[in-house]
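Every number for a ligand or one of its atoms is a count from 1 in the order of the listing. Note: hydrogens, waters and symmetry copies are ignored here, and every other heavy atom, side chains too, is used.
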Amino acid sequence: MTIDEAVTLGELVDLDRYPIDRPDSPAYHDVVATARDGLRAVGCAVIPDLVRPPALDRLGTEIAERKHTTHYSTEVINPYFHVAADPTYPDRHPKNTFLERSSGFIPGDSWEATTAMRILFEQPDLARFLADCLEVPQLHPYADPLAGLTANILDPGQQFTWHFDTNEFAVTVLVEAADEGGLFDYVPNIRSVDDEGFEAIQRILEGGRDGVVTLDLRPGDLQIFRGRYSLHAVSRVAAHSRPRHAAIFAYTEQADVIGRVERTRQLFGRVLDAHVEAEERRVRNDTLID
Ligand SMILES: O=C(O)CCC(=O)C(=O)O
Ligand SMILES: [Fe+2]
């Protein structure tokens, strides 16, 4: 497989084991049922080795070739990505507890239409499979030109501290694992649409491990994760480790959703015209703090 060659779904995904192109097959039904169990119980499902090894190599090469476009930023954030204190809340409160996030994103506009990354992200069969796992009628690739398709880069010494995602769920393919550190930790359903869960969150921010689940993800695994309700973090990659690279695919139930100007600037260091235009006509599903 050369880098310029367009890839097919069968080259990207192990369709014998995971026939995401055949939704009426028993194997499809089984993998969806298992994923639903995980998502219902703990807001997380892992599909082991979904990406075939040659395609995984290609994803690794594509990330390496675009690594110079990574937008790195280090900041101390609360779990809602805010950087400023809120005097209307006590000091020992999640809104006023700030921890280090030092990581980078390769942005959406780094992935040309011919990359295996984008081809996989935009596969209608994959979107339908994910919608079935998440028990929603339909999913669309997140239309944000920077945040829709990204690679999360954690170089040696970096960590992605505890936070909630803006999207209801995210889909991640681990491409390169760290040798030490860089583990995905999460606390299933620590908050819900009608309960912020501040006390439990504060205990985790202060180092508590009650309810923390650590995933043993391997390169090629696909993870479906409800990051809007489950506090999560990627632990610090050790100083002498290889970097950790993960492809992050964002989908939305509604079509044509675009991220906020402020968050976009925070994560990517810039905004596009599309973000400015979308700011006024933005629709949200809930009233939780970002
Ligand atoms: O890299 C990962 O596995 C997840 C990172 C993350 O939580 C995020 O990008 O919001
Ligand atoms: Fe996240």
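N152 ND2, 3.2 Å is the protein heavy atom nearest to atom 5 (C) of ligand 1. Looking only at heavy atoms of the protein, atom 3 (O) of ligand 1 is closest to R244 NH2, 2.9 Å.
Among the atoms of D165, some N or O lies under 3.5 angstrom from an N or O of ligand 1.
Across the listed options H163, H245, Q223, H163 owns the non-hydrogen atom lying nearest to atom 8 (C) of ligand 1.
In this structure, R101 is positioned above the aromatic face of F160, its NZ or CZ under 6.0 Å from the six-membered ring centre and within 45° of the axis. Taking the centre and axis of the six-membered ring of F169, the NZ or CZ atom of R228 falls outside the cone set by 45° and 6.0 Å.
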* Evaluate the side-chain contact (heavy atoms from CB on, under 4.5 Å) criterion for residues V42 and N189: first the C-alpha distance (whole Å), next the side-chain angles of each, then the deciding distance (0.1 Å), finally the verdict. => CA-CA 7 Å; V42 290; N189 299 319; 5.8 Å; no

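In this structure, the ring of Y251 has its center no less than 6.0 angstrom from the ring center of H140.
Here side-chain hydrogen bond (donor to acceptor under 3.5 Å, both in side chains) pairs that include residues 35-47, with residues two or more places apart or in two chains, are R40-E135. Within the structure, ring-ring contact (aromatic ring centres under 6.0 Å, His included) contacts touching residues 10-45 (residues at least two apart or in different chains) are Y28-F129.
Contact of the R260 side chain with the E279 side chain is registered, since non-hydrogen atoms from C-beta on lie closer than 4.5 Å.
Shown in contact with F105 at under 4.0 Å from a heavy atom are these atoms of ligand 1, numbered in order with element: 9 (O). Ligand-side atoms of ligand 1 in range of H232: 7 (O), range being under 4.0 angstrom from any heavy atom.
Listed by chain and number, the protein N, O or S atoms at a distance under 2.8 Å from the Fe ion (ligand 2) are H163 NE2, D165 OD1, H232 NE2.
Listed by chain and residue number, D109 satisfy the side chain to side chain donor-acceptor pair (under 3.5 Å) test with R270 (two or more places apart in sequence, or in another chain).
Within the structure, the closest approach of F225 to ligand 1 does not fall below 4.0 Å when heavy atoms are considered.
Hydrophobic cluster membership differs between I224 and L183, with clusters built from Ile, Leu, Val, Met, Phe, Trp and Tyr side chains linked at under 4.5 angstrom.
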